[in-house]
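For ligands, and for the atoms within them, numbers begin at 1 and follow the listed sequence.
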Amino acid sequence: LHEYALVSSIFGILNEKIKEYNVNKVKQVKLMVGDMTGVEDMTMKSCFEIVAKDTPVEGADLIIQRIPVKAQCTNCNHEFIVHGWDYKCPQCNKTGVRIIAGKELYIESIEAE
Ligand SMILES: [Zn+2]
């Protein structure tokens, strides 16, 4: 599972922070997830719960903040949000674009005690 591998790497980072700050209990984890990652919120949340079991993260709220796919036209430099895999520039109608956002996957914040 794609999400399971991602959750495992997220927990690698979480566990380092837990040690670093002597955390007893993690209350909330906020993740930034780009729409291009193909990550499903529901799958992500259930993988998170499985990996969190019997760790200080168990019972923590997982907040997933989606980042829309953003492209920049290589012809006119116009920046736009991509909807439904339509990469045509709305300004000049050319299809040459480069992706400038939407591939992100990182921990935005951790709330703990
Ligand atoms: Zn353009």
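Heavy atoms from other residues, nucleotides or ligands lying under 6.0 Å from NZ of Lys27 number 12 at most. With a 6.0 Å radius and a threshold of 12 heavy atoms from other residues, nucleotides or ligands, Glu40 has its CD atom at or below the threshold.
Here the side chain of Ser46 pairs a donor or acceptor atom with the backbone of Met42 at under 3.5 angstrom.
Using cut-offs of 30° and 60° on the angle between ring planes, the pair Trp85 and Tyr87 is tilted.
Screening the protein for N, O or S atoms under 2.8 Å from the Zn ion (ligand 1) yields 4; no waters enter the count.
Contacts of Asp61 classified as side-chain hydrogen bond (donor to acceptor under 3.5 Å, both in side chains), with partners at least two apart in sequence or in another chain: none.
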Full working for side-chain contact (heavy atoms from CB on, under 4.5 Å) between Leu14 and Ile110: CA-CA 8 Å; Leu14 278 177; Ile110 301 166; 3.5 Å; yes
